[in-house]
Amino acid sequence: MRSSRPSPDTIDDHRGGARGRGGDPAASSGPEARKPLTPPTPSRESQRGLDWFIFFLADVQTGFGPFIAVYLTTEKWTQGQIGLVLSIGGLVGLIGQMPGGAIVDAARSERLVAGLAVATIGFSALGYAAWPIFPVVIAAAILHAAASCVLGPAIAAISLGLVGPLAIGERFGRNARYASLGNGVAAAVMGTCGYLLSSRSVFLVTFVLAIPTLLSLASIREREVDAAQAHGAVAREVPDANATSILNLLRQRALLIFAGSVFLLQLANAAMLPLMAGVVTTRSSQWAPVLIAACIVVPQAIVALTSPSVGRKAQQWGRRPLLLLAFATLAVRGILFATVHDPYLLVAVQVFDGVTAAVFSVMVPLIVADVAFGSGHFNLAQGIVGTAVGIGASLSTVLAGYVSDKFGSSVAFSGLAGVAAVGFIMIWLVMPETRRSRTESTTRAAE
């Protein structure tokens, strides 16, 4: 098993067991094993490598967004065929969340898993560009969705393996910043290529961008990613089958409540921007593309600016205050969408979306890391929460669209705000605080 840099008073003593002190199993017991943990100090090269890997990966993934529908439309595909491709990809992405997390937990090298997934996505993009026929496109959509199911857990695992559980909040904030910057840059570059060249060029650019993505991943030093730590495991003198049982993980109250809360978040959030885009188009069709683009850029900018601060505040304040803030801003956003009629003011309302996105882009992997600490199934737990996210997002657009058609967009927005309010109450009343102190982590590791 890999270990981080040897240091006499660091986290390596508890996670390495006999490995940490010349093969003496007793080295991990006694008073020294209960010292406050010191987070590992990964090299600047590895930290920067992870930054750029996330940035370029966001670029790569952006190519599979709305550009698929545009490209296939230019290739004379019917809307029914396009819808089938998107639906199959979405279904595979939903079903694959938990298996994807389990694969990362079982892997000996998270970097290898991530690299294979990036290469798969790159060749999927090439398939779209080279042979836009039904069998190839369906296969490319399935491969892309399956690869994406392991990439999210792999990034979180590499991050946790690099910096440890005590410094992971700020690292997840940094991840969210670079992902947001990558999304924004890629949308601009690919939109320009699609306009000046052709919609096919978007997928060629996506394929090319997979190369710097893999190079950035290779610059993360393998020896600095602690395998056990990346899976949420801790070394124990006596193996504890109950602590590492999947059934025990599935019975964790905090995990189940949090999965329910992110389900409510997506149920309230996923349909808001599509509904608002329809409202803006109706009220100001000439400026609709510009306004909708601004509604996408504003939250991304806020996420990029504030995500690292969210990670730091999560460690200082705890997780619950930030979760309450995110649900409150989501509810306010829904109410404003229901009452504001000026399409230009709707762009300003998207500031609230930025706050919610910044909080949850950090909180989802952070709270999962809290809950799964010591289980060895951190990435499987991510898959459980990811499944809840996917189900909530899928139901949101269907239900909100139905309500909007029957009762109007204002009622639909009010209903979404009500769902967010239920999430706020759920966090307030039943969600436990999951933040671990340095001493608590040491005690859990030494048990």
Side-chain angles (χ1 to χ4, degrees), residues 55-94 96 117-149 151-152 179-214 270-271 273-278 280-281 285 288-297 300 390 393-394 397-398 401:
F55 176 86
F56 285 118
L57 181 61
D59 290 355
V60 170
Q61 293 283 48
T62 298
F64 290 88
F67 296 106
I68 289 178
V70 174
Y71 171 58
L72 294 180
T73 300
T74 63
E75 294 295 319
K76 311 302 182 186
W77 282 52
T78 67
Q79 291 304 307
Q81 291 173 320
I82 295 171
L84 179 60
V85 169
L86 297 177
S87 296
I88 290 175
L91 184 61
V92 172
L94 181 60
V118 170
T120 299
I121 290 175
F123 282 109
S124 296
L126 189 61
Y128 275 105
W131 302 285
I133 58 176
F134 192 79
V136 173
V137 169
I138 288 290
I142 292 172
L143 289 173
H144 168 250
S148 297
C149 289
L151 273 173
S180 181
L181 290 172
N183 282 325
V185 171
V189 170
M190 292 179 179
T192 301
C193 290
Y195 178 76
L196 297 178
L197 301 175
S198 70
S199 54
R200 185 191 303 268
S201 66
V202 169
F203 296 96
L204 295 175
V205 170
T206 297
F207 174 75
V208 171
L209 284 172
I211 297 172
T213 306
L214 292 171
L273 186 58
L275 276 181
M276 191 273 288
V280 168
T281 303
S285 59
V290 175
L291 292 173
I292 294 169
C295 287
I296 296 172
V297 170
Q300 293 288 347
S394 300
T397 51
V398 173

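- Annotation: the span from Leu204 atom CG to Leu209 atom CG amounts to 11.0 Å, rounded to 0.5 Å.
- Closest approach of Ala146 and Val92 over heavy atoms only: N-CG1, 4.0 Å.
- Taking the side chain as every heavy atom from C-beta outward, Trp77 and Leu84 never approach each other to under 4.5 Å.
- Of all heavy-atom pairs spanning Ala179 and Ala58, the tightest one is O-CB, 3.4 Å.
- Note that NE2 of His144 is 8.5 Å distant from CG of Leu151, once rounded to the nearest 0.5 Å.
- Counting all heavy atoms, side chain and backbone alike, Val85 lies closest to Ala141 at CG1-CB, 3.9 Å.
- In this structure, the side-chain contact (heavy atoms from CB on, under 4.5 Å) partners of Thr73, at least two apart in sequence or on a different chain, are Gln79, Ile82.
- Residues passing the side chain to side chain donor-acceptor pair (under 3.5 Å) test with Ser180 are Gln300, sequence neighbours excluded.
- Between Leu72 and Gln81, the closest side-chain pair of non-hydrogen atoms is not below 4.5 Å.
- Counting all heavy atoms, side chain and backbone alike, Gly93 lies closest to Cys149 at O-SG, 3.4 Å.
- Separation of atoms CG (Asn183) and CG (Asp59) is listed at 8.0 Å; rounding is to 0.5 Å.
- To the nearest 0.5 Å, atoms CG (Leu86) and CG (Leu91) are separated by 12.5 Å.
- Counting only heavy atoms from C-beta outward, the side chains of Val118 and Val60 never approach each other to under 4.5 Å.
- Not counting sequence neighbours, the partners of Phe203 by the ring-ring contact (aromatic ring centres under 6.0 Å, His included) test are Tyr71, Tyr128.
- What you find for Val208 and Pro212 is that their closest heavy atoms are O-CD, 3.2 Å.
- Contact between Ala210 and Gly122 at its shortest, heavy atoms only, is CB-CA, 4.2 Å.
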